[in-house]
Amino acid sequence: MTRPGKRPGPPARLSRGAIVAAALSSGDLESLSMRELAARLEVSHSALYRWVPGREGVIDLISETVIDRIIPTDAPTPDTWRGWLGRLAWAAHDEFLSIPGYATRISRPHRHTRGFFTMRDAVVAAFRAAGADPELAEQSWYVFGTALVTWLGAQEQRLLGDAPLRFDLFLDSLLRGLPARETPEYGTRPPAAAD
């Protein structure tokens with residue numbers, strides 16, 4: 001029975017951080033069930049559902065936490081935007097690949113959460129600092145974000161083979177071509193071949 005003026009709510013020992021830590025400690029997000037997570041947290045199954053609506057809610061919490069960890073705390077400037085994006089990309093590399101199955105999951109089509117929009121806004125700000133107009137900054141975000149997440153997912157799945165992969169070369173090539181230009185130097189469609 002609750003005291004007057006007090007509403008029942010999540011148990012005090014539950015928090016966003018505790019849920020994320022317990023989920024990550026499972027070692028396998030793909031097979032983690034809500035019952036298993038509740039047991040790891042030593043709370044009832046129903047108590048966990050008061051914090052998150054289900055497995056997707058847990059993945060959303062993890063994504064928000066990961067994004068909070070990878071975005072540099074300083075703002076990009078005209079002089080630092082490339083290095084700023086490099087730090088973000090290396091942090092994403094380390095964080096995404098430290099969670100088994102996470103890079104693969106994020107590289108597939110999925111519903112976007114607050115973390116996605118936080119990262120998009122930060123990366124767009126970096127391209128704006130580089131001098132790109134708003135539309136090209138947004139297009140550059142799509143190139144950067146898609147390339148980064150796809151590359152990390154492919155690395156995790158070993159789609160690129162078993163040879164040691166040079167993330168530094170990938171990132172250098174990517175950042176040399178960004179931000180997008182209004183008249184792409186190499187991306188224009190070639191004329192159709194005459195028959």
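Because the structure is predicted, anything quoted here is derived from the model rather than measured. Along the sequence shown, the residues carry numbers beginning at 1.
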Review point. Which is it for M119 and L88 under the side-chain contact (heavy atoms from CB on, under 4.5 Å) test, yes or no, and what are the steps along the way?
Key: CA-CA 9 Å; M119 185 161 160; L88 182 146; 3.7 Å; yes
Counting only heavy atoms from other residues, nucleotides and ligands, does the tally under 6.0 Å from CD of E42 exceed 12?
no
query: Can you get from L152 to I67 by hopping between Ile, Leu, Val, Met, Phe, Trp and Tyr side chains that sit under 4.5 Å apart?
result: yes
**OP:** Please lay out, stage by stage, how I19 and W51 fare under the test side-chain contact (heavy atoms from CB on, under 4.5 Å).
**Re:** CA-CA 9 Å; I19 293 168; W51 276 83; 3.6 Å; yes
Have S26 and R40 got a donor and an acceptor in their side chains that come within less than 3.5 Å?
no
May I ask whether L136 and Y142 are part of the same hydrophobic cluster, defined by side-chain heavy atoms of I, L, V, M, F, W, Y residues being less than 4.5 angstrom apart, directly or through others?
-> no
Value for CG (L85) from CG (L178), rounded to nearest 0.5 Å, stands at 8.0 Å
Within one Ile-Leu-Val-Met-Phe-Trp-Tyr cluster: I62 and I70, side-chain cutoff 4.5 Å | yes
Worksheet item: Short question: side chain of E64, backbone of G115 - any donor-acceptor pair under 3.5 Å?
Response: no
dist L160:CG -> F170:CZ (nearest 0.5 Å) comes out at 9.5 Å
Subject >> Candidate pair R128 and E135, rule salt bridge (charged side-chain N to carboxylate O under 4.0 Å, His left out), full reasoning >> reply: CA-CA 10 Å; R128 295 283 293 137; E135 182 183 341; over 6 Å; no
Answer yes if the side chains of S107 and T104 hold a donor-acceptor pair under 3.5 Å, and no otherwise.
no
Closest non-hydrogen atoms of A47 and L14, given as atom of the first, atom of the second and distance, are O-CD1, 3.8 Å
Heavy atoms of L41 and A18 approach each other most closely as CD2-O, 3.4 Å
Value for CD (E138) from CG (D121), rounded to nearest 0.5 Å, stands at 8.5 Å
Do E56 and R105 sit within salt-bridge range, that is, some charged N less than 4.0 Å from a carboxylate O?
yes
- Pair D60 + R111, salt bridge at N-O below 4.0 Å: yes
Over 12 foreign heavy atoms within 6.0 Å of CZ, R16:
yes
Report the C-alpha separation of V52 and M34 in whole Å, then their side-chain angles, then the decisive distance to 0.1 Å, and conclude whether the side-chain contact (heavy atoms from CB on, under 4.5 Å) test is met. CA-CA 10 Å; V52 289; M34 291 295 281; 3.6 Å; yes
Hits for ring pair (Phe, Tyr, Trp, His ring centres under 6.0 Å) against H112, two or more places apart or cross-chain, chain-then-number order -> H110, F116
Shortest non-hydrogen pair, L48 vs A38, comes out as CD2-N, 3.7 Å
(Q) For D68 and R114: C-alpha separation, side-chain torsions, deciding distance, then whether side-chain contact (heavy atoms from CB on, under 4.5 Å) applies. (A) CA-CA 10 Å; D68 288 345; R114 178 192 65 82; 3.6 Å; yes
Q: Answer whether the closest heavy-atom distance between the side chains of I71 and W84 falls below 4.5 Å.
A: yes
- Are a donor atom and an acceptor atom from the side chains of Y102 and S63 found within less than 3.5 Å of each other? yes
Please say yes or no: joined through hydrophobic side-chain contacts below 4.5 Å, possibly via intermediate residues, are L159 and L174 part of one cluster? no
Mark yes or no for whether R55, through its side chain, and L29, through its backbone, hold a donor-acceptor pair below 3.5 Å. yes
Rounding to 0.5 Å, atoms CH2 (W141) and CZ (F127) come to a distance of 9.5 Å
Heavy-atom nearest pair, F144 first then L171, reads CE1-CD1, 4.5 Å
Nearest heavy-atom approach of P76 to A129 is O-CB, 3.8 Å
Distance-only criterion, 3.5 Å: show the donor-acceptor pairs between side-chain atoms of residues 90-100 and protein atoms not counting sequence neighbours.
unit_1 : atom_1 : unit_2 : atom_2 : d
E95    : OE1    : R69    : NH1    : 3.2
S98    : OG     : D94    : O      : 3.4
S98    : OG     : E95    : O      : 2.8

CA sep, side-chain torsions, deciding dist, call: D172, R166, salt bridge (charged side-chain N to carboxylate O under 4.0 Å, His left out)
CA-CA 10 Å; D172 183 66; R166 298 271 313 266; over 6 Å; no
OG of S44 to CZ of R50, rounded to nearest 0.5 Å, is 6.0 Å
Heavy atoms of P179 and A130 approach each other most closely as CG-CB, 4.2 Å
Between the CG atom in L32 and the CG atom in L24, the distance rounded to the nearest 0.5 Å is 9.5 Å
